[in-house]
Undergrad: 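Dropping the structure in here first, questions after.
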Amino acid sequence: MEFRLLGSVTVVAADGRELPAGSAKRRSLLAMLLLNPGAPVTVERLTETLWDEEPPRHSRTVIHNHVSGLRSLLTAHDAPAAGVELVTDNGAYRLRTPDQAVDTIRFDRLVARARSLDDAARAAADLREALALWRGPALAGTTAGLPLQSAARALEERRLAAVEDLARAHGRLGDHCAAAGLLHTEATADPLREPLVAHLMHALGRAGRRSEALDWFHRTRRALAEELGIDPGPELTDAYARLLRTDTPPSRPDAAPRPALPPGRSDRVPPARHPSDQEPPDRLAFDRQAFDPVPPTRVPTVGGLASVPDQRPAPAPAPAPAPVPVTARPPAAPAATAAQHTPWPFPRRPRGFAGREDELAALDRATAAPGAVALLTGGAGVGKTTLALSWAHRRHQDFPDGRLFVDLCGHSPLPERDTAAVLRELLLALGLPVERMPATAEAMGARYRELTAGRRMLIVLDNARRSDQVRPLLPDGDDCVTLVTSRDRLGGLVASDAARPVPLAELSSPQAVTLLAATLGPDLVAAEPEAAARLADLCDGLPLALRLAAARLATGPARALAALADELADEQDRLDLLDVEDTSVAAALALTVQHLGEPARRTFRSLGAHTGATLDSRTAAALAGCRPDEAAAALAQLATAHLIVQIGRDAYTLHDLVRLYARSLPGDTDTQVLPRLLDHLLNTLLTACAAAEPGSEPCCALPPGTRRPAEVRPFPDRASALAWYAAERDTLRGAVEAAVAAGLHDRAWRLVLLQWPLIVWQVRDGWAPLLEHGLAAAEADRDPGAQSRARALLGWVLLEEGRPDQALDHLERAPDLAARAGDGCAQAVALVNHAVALARHGDHAGRARVHGLLLKALSLAERAGRADLVGLARQHLAHECLAAGAHEEAAQHAARGLAVAEPPFPVTRRVVLQTLYGRALAATGHPEEAARHLGAALRTARAHQYGEGESEAGAALRALSDGGAAVAGAVAPAAAPPAAVAPGTAVPATAPGGPAYARPSTYPR
């Protein structure tokens, strides 16, 4: 697994696939963690990174959700096996990665090694390898916060320093032309950076190009005066003076090594150059003389698209061959003797194209091999054709023999193009006379391959649907490049013709805002930056949706981005608003859906009822009412058609616009889609509870009539269960809202309470609104037991959020509600929570009441035969007795709690009780036995990576060595077990269905 910051912030899986890192804020959080590899980054620092101005009220919740999403992404792609771990550490987050997994670290190490070498050739090789890690501006795709802006500037300075080092290495090797070429590009991009221009002037002078070097000085002097009102500094003026004093002889023609050409490219014509990397004027004149333009000859448009002739200069036409009958035609000579019609027709350059630098670079790499076939894939409206045409126009100099464009109409209102008809048009465009046209498709294909062999051409095959639709249209020869666009993955083309896939995803938030600015004008977007970012998110970063939104705004009565964003926020109207004249998001998606098989179409329709953005085959099976294997096959088809995105093994995500379109489709009369989904989630939650809190009893039974899914997701351990809880938090919240809206209150409150393992683990993470929904649903269901559990958990959350008055109101009412329901276990839970809250926020005189509440909870737990609740009550009694000085009673409760804290109860429970027992033994004059128990607690905590338990046991052992009487008070708060230190977590006293305990900062193993 790799992490890239030198360009767009991306995560790359072990198989080389780029993983969906999420929104700009999630990428920004990841970037800040990677900029501090292995070091803790506080929530405050992350808040400063994600929000320029005042952060929102629930910024901690947003940060935690992003951390949870990253953790789920990493876990789904075997990050632990690669040594990658995102952990919570003492009020902060820490991303542990191998050094070689982060490109910034690799870059710095290569540069440092190069600077330590005396061998200029080896140093240059290291510096080239380091600079090759850069894929664009550093930290692209992140928010514009000051911390990341400063980091990006610092990284850019390090890159420029490495470029200057490489230029010096070339100079030490005597290759001054290479040094000048390297510095030329950078100086063109940053013409006011005087030291860089000075280095360029030195290199040009040593290369015998003094006039060009002097021209750079005068150009920079004028720019400094016009833009900054200053004169050149000493470094630049010194370089100028040195050039005037020195009569440098010109370099020999063979002094500089000849630049390497891409594999498979001949050197008959110059390679394409960036506009900022031109040769000296005399070389340009040579190039122009070699390629004087010829008058364009009009030829038929290939694929029926309107296009304009390519005005690129082309070689003079070859003489036409004498007509030869088709049946007796001799073999075609290389370089296509029939070529007479130049230049070639091609669609115009797309207007308003913005961003996509990474994808353009990926196309460069994919088309570098001889006879390359690049496969540009992505969903409807993601901008495949626009990107393909933009790349083709950028690289037009690479294809002096022409470019051809074909719309295959694979996903189109028009019928799919016939192969023979397409080949006929291609042959006509290549100059083959009509009278020499072969009679069959096979013969036309053979002639097409003959005419393209030896040519240096680009063939763009747009909108393909199947591999067999593309294969007959592939040209022959190593100098032709084929660029295919498709909504399908076309794996067959990858297998048969080594096509190089270039997946095209939705635009990141900054890229989407840039596209809006290119379409609407920068002033309008700059006036409402927050509304523009919101509009980009509502359009899912889909270029088609963004252009439609821009069109609606530009042609509407008002030109306010915020007003349009408010309209799009209503899911009921969003798709209708993204419909302008004959173009709409829904129509684009419909062209994809109509080609699906019926099982995949049925599954797609059912996704409209899904309440989250992620799903697997089990969830899809519940929605569609089919078997998991059938759902898996349907999901694979939907992913191949780019209607959903595969993010891991049996893990998919779908965008809001796609989900809204699925919801809008007319379906069958299946009214059980939502109930099936809710029942699937309830069954999964019960399984997750059992794995997250082994030994605990369920906090509730399934409601009557609940369906048992065909297959329930297994959870091998506690960590996997908690990771699932965190990853599905948004889905579960949406399920609660959907259940309430449908009047399924018995499902709604269970969906809330069954999340208790994550709630008590991250108790300060904004759970109150969800628990209030659960309480309201329990009241609507008229279930006092459910109300008791909801109030007990809500009270604990409010207590940890610093709202003790509201918390005590809920906690005081919870025991009576449980008693009314006849639920002794729920009553015991409520009593323990109430007792701990009183101990923390009551006065000293209330200790007797706290003790009484805990004893009553213990009695109810013993009567119900619930060993987990018995251990919980005795744990808190031992802690309370130690705080009150009742050391003998504390020892008795701790010892009896230990007797029941055996597997399958969590090992952390035993560590807490054993530490309490050791403290009590020390306080009652048994130091040797105390040391034995504290040592055992310390070793167990360390073995299971229970950081807080290790800390508390160690503190008690140290206090024991200082004096036994001090051990009883050696562990922080007296009213509750020690607090966990992870952001958003605290020590939960209890949970609705079973015991909780002092939470470690990392999951116990």
Side-chain angles (χ1 to χ4, degrees), residues 20 68-69 72-73 75-76 596 599-641 643-656 658-663 665 667-668 670-692 702 706-716 720-739 741-742 744 747-748 750-752 754-755 758:
S68 298
S72 299
L73 177 70
T75 302
L596 296 172
R601 273 203 301 271
R602 184 174 63 251
T603 299
F604 181 74
R605 285 196 299 268
S606 71
L607 297 185
H610 190 36
T611 58
T614 59
L615 74 158
D616 57 14
S617 59
R618 300 178 186 89
T619 305
L623 286 163
C626 64
R627 298 194 314 270
D629 60 330
E630 295 173 336
L635 291 177
Q637 292 182 42
L638 296 178
T640 298
L643 288 167
I644 60 177
V645 180
Q646 187 167 10
I647 57 175
R649 183 178 180 183
D650 194 26
Y652 301 86
T653 185
L654 69 161
H655 297 293
D656 283 346
V658 176
R659 180 172 52 82
L660 292 176
Y661 175 67
R663 186 182 297 172
L665 292 176
D668 48 31
D670 186 358
T671 60
Q672 297 302 305
V673 178
L674 179 62
R676 283 199 304 266
L677 173 66
L678 300 179
D679 291 351
H680 161 74
L681 292 173
L682 286 174
N683 279 278
T684 309
L685 281 165
L686 282 174
T687 306
C689 279
L702 293 172
T706 304
R707 303 166 184 79
R708 175 73 180 176
E711 184 179 327
V712 179
R713 180 191 184 108
F715 297 98
S720 63
L722 287 173
W724 178 84
Y725 271 118
E728 297 300 320
R729 181 171 173 179
D730 288 342
T731 300
L732 294 168
R733 182 179 65 245
V736 171
E737 294 170 354
L744 300 173
R747 265 77 169 171
R750 287 174 169 87
L751 287 168
V752 173
L754 284 169
Q755 296 181 60
L758 186 65

Undergrad: Quick one: does Arg601's side chain get under 4.5 Å of Arg605's, heavy atoms only?
TA: yes
Undergrad: Would you say Leu623 and Leu607 make side-chain contact, with heavy atoms under 4.5 Å?
TA: yes
Undergrad: Is any side-chain heavy atom of Pro675 closer than 4.5 Å to one of Arg707?
TA: yes
Undergrad: Determine the minimum heavy-atom distance between Ala620 and Leu615, stating which atoms define it.
TA: CB-CD1, 4.0 Å
Undergrad: I need the minimum non-hydrogen distance between Ala600 and Gln637, along with the two atoms involved.
TA: CB-OE1, 3.5 Å
Undergrad: Checking side chain to side chain contact (heavy atoms under 4.5 Å, CB included) against Thr619, which of Leu681, Asp650, Thr731, Leu677 comes through?
TA: Leu677
Undergrad: How many angstroms lie between CG in Leu685 and CH2 in Trp724, if you round to the nearest 0.5 Å?
TA: 4.0 Å
Undergrad: Could you measure the distance from the OH atom of Tyr652 to the CG atom of Asp616? Nearest 0.5 Å is fine.
TA: 9.5 Å
Undergrad: Do Arg747 and Asp679 have side-chain heavy atoms sitting under 4.5 Å apart?
TA: yes
Undergrad: First locate atom OH of Tyr725, then atom SG of Cys689, and finally report the distance between them rounded to the nearest 0.5 Å.
TA: 3.0 Å
Undergrad: Using every non-hydrogen atom in the two residues, find where Leu722 and Ala692 come nearest and quote the distance to one decimal.
TA: CD2-CB, 4.3 Å
Undergrad: Give me the atom names and distance for the closest heavy-atom approach of Arg663 to Gly608.
TA: NE-O, 3.1 Å
Undergrad: At what distance, to the nearest 0.5 angstrom, does CZ of Arg713 lie from OG of Ser617?
TA: 9.5 Å
Undergrad: Contact between Val658 and Phe604 at the side-chain level, heavy atoms closer than 4.5 Å - yes or no?
TA: yes
Undergrad: For Thr653 and Ala613, indicate whether the former's side chain and the latter's backbone hold a donor-acceptor pair under 3.5 Å.
TA: yes
Undergrad: Does any part of the side chain of Val712, heavy atoms only, come nearer than 4.5 Å to the side chain of Leu686, both counted from C-beta?
TA: no
Undergrad: Give, for atom CG of Leu732 and atom CD of Gln755, the distance between the pair rounded to the nearest 0.5 Å.
TA: 4.5 Å
Undergrad: Below 4.5 Å, heavy atoms only, C-beta onward: do Glu737 and Thr611 meet side chain to side chain?
TA: no
Undergrad: With a 3.5 Å distance limit and no angle check, can you tell me whether Asn683 reaches the backbone of Leu702 through a side-chain donor-acceptor pair?
TA: no
Undergrad: Please give me the minimum heavy-atom distance between Arg618 and Pro714, naming the atom from each residue.
TA: NH2-CD, 3.6 Å
Undergrad: Would you say that His610 contacts Leu654 through its side chain, given a criterion of any heavy-atom pair below 4.5 Å between the two side chains?
TA: yes
Undergrad: Out of Val673, Thr706, Leu751, Val736, which one pairs with Leu678 under the side chain to side chain contact (heavy atoms under 4.5 Å, CB included) rule?
TA: Leu751
Undergrad: Output the distance between atom OG1 (Thr687) and atom CG (Leu754), rounded to the nearest 0.5 Å.
TA: 10.0 Å
Undergrad: Measure across Ser72 and Ala727 and return the closest heavy-atom pair with its distance rounded to 0.1 Å.
TA: OG-CB, 2.9 Å
Undergrad: Does this structure show an ion pair linking Asp656 with Arg659, if we count only N-O contacts that are shorter than 4.0 Å?
TA: yes
